Amino acid sequence: VDAFCKEGQPSEAEHVFEMTAQKGAEPNVVTYNSIIDGYFLHNRVDAAAKLFGLMIERNYAPNVVTYNALINGYCKSKQIHKAWLLYQEMLGKGLIPDVVTHTTLIGGFCLVGNFHAAEQLFDKMHAYGQPPDVQSYATMLDGLCKAKQVDKAIAVFQQMENHQLEPSIVIYNILINGLCNAGKLEPARELFKGLSAKKVEPGVVTFNTLINGLCNEGHISEAFTLFNEMEGRGCVPNSGTYNVLVRGFLRNGDKLSVEQLLREMNQKGLAAD
RNA sequence: GACUGAACUCCUC
C-alpha cells in the first residue's frame, strides 16, 4: 500500500487494500498512515483529511506518525495554522510529539517566513524532552540563514557541537550557502577548507554552493579552480555546476570559456538552462 | 518489523 501511494497510484493501493480485506486482514494504523502520507505527497490534502476523519470514525486511533504525516502535509502546503491545530490536538489526546513533529513544525514556520515562531519552538525542544537532532538543526539553520541571520546560525551551529552532535555535510552546505549569500566569503571558504579535518566529505552540492557564491562575488577564476578540483575529490560536476559557472563567465564576458564549458556539457549529455 | 521530519546549491514553477 505504501509503495503504491508513493508512486501516486492510489487505485492500485486501494486494490491491495481491498484484496487483503477480502482475505480477512484488517488494516491497521500503519495502513492508514501510509495512505494519508501518500495523499499529501501528491498534494491531495483534502483526501488526506477525509481519510483521517474516516479512520477516527472507524475507531482506529491515530498515533504520533499519523499526526506527523498530517502536520507535514499542512506545513508543506503552507497551512501552518492547521498544522498547529493538529499539534494542539495531539497534545490534548495525550500523544507525545517527538523530534519529527517539532522539526516538521519548525520547517513549516520557516516556510511561511515566521522565523521567530520557528526559533521559539526550537528552543523549547530541550525542555520538552525532545532535544533537536541533526535534522532539526539543519532545518533551523536553514531558516536562520534564509532570515538573513547568519551570525545567529553560526552561534547555533556552535551549540550543536556542545551537544555532541556531529554536523553532517548538509549542515555545512546550509552554512556555506548562508555565508555566501551574506557576502561573507572568507568564513565560507574556511568552513569548506575545514571539512576534511572534521572528516566530512564535500558533495556536489557543497561545491556547487561555494562555486555559486564565488561567482556571485566576481571570483570566477577561484570558482573555476574549485571546479577543476571536483573530480579529484570524488565529485562529478552536474548540470547545476556547469550552469552556475557558465553564468559566471557570461557576466565576465568570457565567451571562450563559455563555449568550452558548453562543449563539455554537450559531451556529458548535460542540459544547459 | 512496515508508515512521518531536515537536505541544502543552480534552473523552473
Side-chain angles (χ1 to χ4, degrees), chain A residues 1-6 13 27-41 43 48 51-52 55 60 62-76 83 86-87 90 95 97-111 118 121-122 125 130 132-146 153 160 165 167-181 188 192 202-216 223 226-227 230 235 237-248 265 270-273:
Chain A
V1 168
D2 183 53
F4 281 123
C5 286
K6 284 201 170 49
N28 62 12
V29 201
V30 175
T31 322
Y32 280 98
N33 290 351
S34 301
I35 302 178
I36 288 176
D37 188 53
Y39 280 139
F40 276 122
L41 277 178
N43 293 319
L51 188 59
F52 178 63
M55 99 183 254
Y60 286 96
N63 60 17
V64 177
V65 174
T66 319
Y67 275 97
N68 288 349
L70 285 161
I71 289 174
N72 182 42
Y74 285 118
C75 283
K76 292 279 141 66
L86 283 164
Y87 176 65
M90 70 189 288
L95 289 171
D98 60 10
V99 199
V100 175
T101 322
H102 291 118
T103 305
T104 306
L105 282 165
I106 290 169
F109 279 122
C110 289
L111 200 60
L121 194 55
F122 182 79
M125 286 180 75
Q130 307 285 351
D133 61 13
V134 177
Q135 304 198 71
S136 319
Y137 273 94
T139 309
M140 190 66 251
L141 291 177
D142 192 46
L144 286 171
C145 288
K146 299 233 155 88
M160 196 177 167
L165 284 174
S168 64
I169 187 59
V170 172
I171 299 282
Y172 287 100
N173 293 343
I174 290 168
L175 291 176
I176 290 172
N177 188 43
L179 288 166
C180 286
N181 287 335
F192 182 82
V204 188
V205 174
T206 320
F207 279 98
N208 291 358
T209 306
L210 191 53
I211 288 174
N212 183 44
L214 291 167
C215 286
N216 285 338
L226 202 56
F227 165 75
M230 288 181 73
C235 287
N238 60 20
S239 61
T241 321
Y242 280 97
N243 285 325
V244 168
L245 263 182
V246 166
R247 221 168 293 131
M265 289 184 82
L270 296 173
D273 61 18

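Quantities reported herein were computed from a predicted structural model and do not represent experimental measurements. The chains referred to below are lettered A, B, ... by the order of the sequence lines, with proteins before strands, and numbering in each begins at 1.
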Protein-nucleotide distance (Leu86(A), atom CG; U4(B), atom P), rounded to Å: 18 Å
Nearest to side-chain heavy atoms of Thr139(A), which nucleotide of G5(B), A6(B), U4(B): A6(B)
N or O in side chain of Asn212(A) less than 4.0 angstrom from C10(B) OP1/OP2: yes
Any side-chain donor near an acceptor of the partner, Asn72(A) and Asp37(A), under 3.5 Å: no
Phosphate OP1/OP2 of A6(B) contacted by Lys76(A) side-chain N/O (<4.0 Å): yes
A7(B) base / Asn177(A) side chain donor-acceptor hit below 3.5 Å: no
Touch class at under 4.0 angstrom, heavy-atom based, for Asn181(A) against every strand present: nothing
Phosphate OP1/OP2 of U4(B) contacted by Lys6(A) side-chain N/O (<4.0 Å): yes
Closest nucleotide among A7(B), U9(B), G5(B) to the Val99(A) side chain: G5(B)
Asn173(A) side chain near U9(B) phosphate (N/O to OP1/OP2, under 4.0 Å): no
Phe52(A) and Tyr67(A) aromatic ring geometry - parallel, tilted or perpendicular at 30°/60° bounds: perpendicular
Whole angstrom value for the distance that separates C1' of C8(B) from CG of Leu144(A): 14 Å
Test item: Thr101(A) and Gln130(A) side chains (from C-beta on) under 4.5 Å apart, heavy atoms: no
Separation of U9(B) C1' from Phe207(A) CZ (nearest whole Å): 13 Å
Value in whole Å for how far the C1' atom of U9(B) lies from CG of Leu141(A): 16 Å
Per Gln135(A) side chain, nearest of listed nucleotides U9(B), A6(B), U4(B): A6(B)
Approximate separation, where rounding is to 0.5 Å, of Thr139(A) OG1 and Leu144(A) CG: 11.0 Å
Touch class at under 4.0 angstrom, heavy-atom based, for Val244(A) against every strand present: sugar-phosphate
Under 3.5 Å side-chain donor-acceptor pair for Thr209(A) and Asn212(A): no
Asn72(A) side chain near G5(B) phosphate (N/O to OP1/OP2, under 4.0 Å): yes
Selected nucleotide, minimal atom distance to Asp2(A) side chain, candidates C3(B), U4(B), G5(B): C3(B)
Donor-acceptor pair under 3.5 Å, Asp133(A) side chain vs G5(B) base: yes
Asp142(A) versus Asn177(A), side-chain donor and acceptor atoms under 3.5 Å: no
Length of the line joining Leu270(A):CG and C10(B):P, which is rounded to integer Å: 18 Å
Produce the list of close N/O pairs, under 3.5 Å, pairing protein atoms with atoms of nucleotides 11-13 of chain B; give distances to one decimal.
unit_1, atom_1, unit_2, atom_2, d
C11(B), O4', Asp273(A), OD2, 3.0

Rounded distance in Å - CZ (Phe109(A)) to P (G5(B)): 18 Å
Side chain of Thr103(A) - closest among C8(B), G5(B), C3(B): G5(B)
Touch class at under 4.0 angstrom, heavy-atom based, for Ser136(A) against every strand present: base
Proximal nucleotide (of A6(B), U9(B), C3(B)) relative to the Val205(A) side chain: U9(B)
Interatomic distance where CZ belongs to Phe227(A) and P belongs to C10(B) [whole Å]: 18 Å
Tyr137(A) and Phe122(A): CA distance, side-chain angles, deciding distance, ring pair (Phe, Tyr, Trp, His ring centres under 6.0 Å) verdict: CA-CA 9 Å; Tyr137(A) 273 94; Phe122(A) 182 79; 5.1 Å; yes
Asn68(A) side-chain proximity, nearest of C3(B), C8(B), U4(B): U4(B)
Identified side-chain contact (heavy atoms from CB on, under 4.5 Å) counterpart of Ser34(A) within the set Val29(A), Asp2(A), Val65(A): Asp2(A)
Distance in angstrom units between Ile106(A) CD1 and A7(B) P, rounded: 11 Å
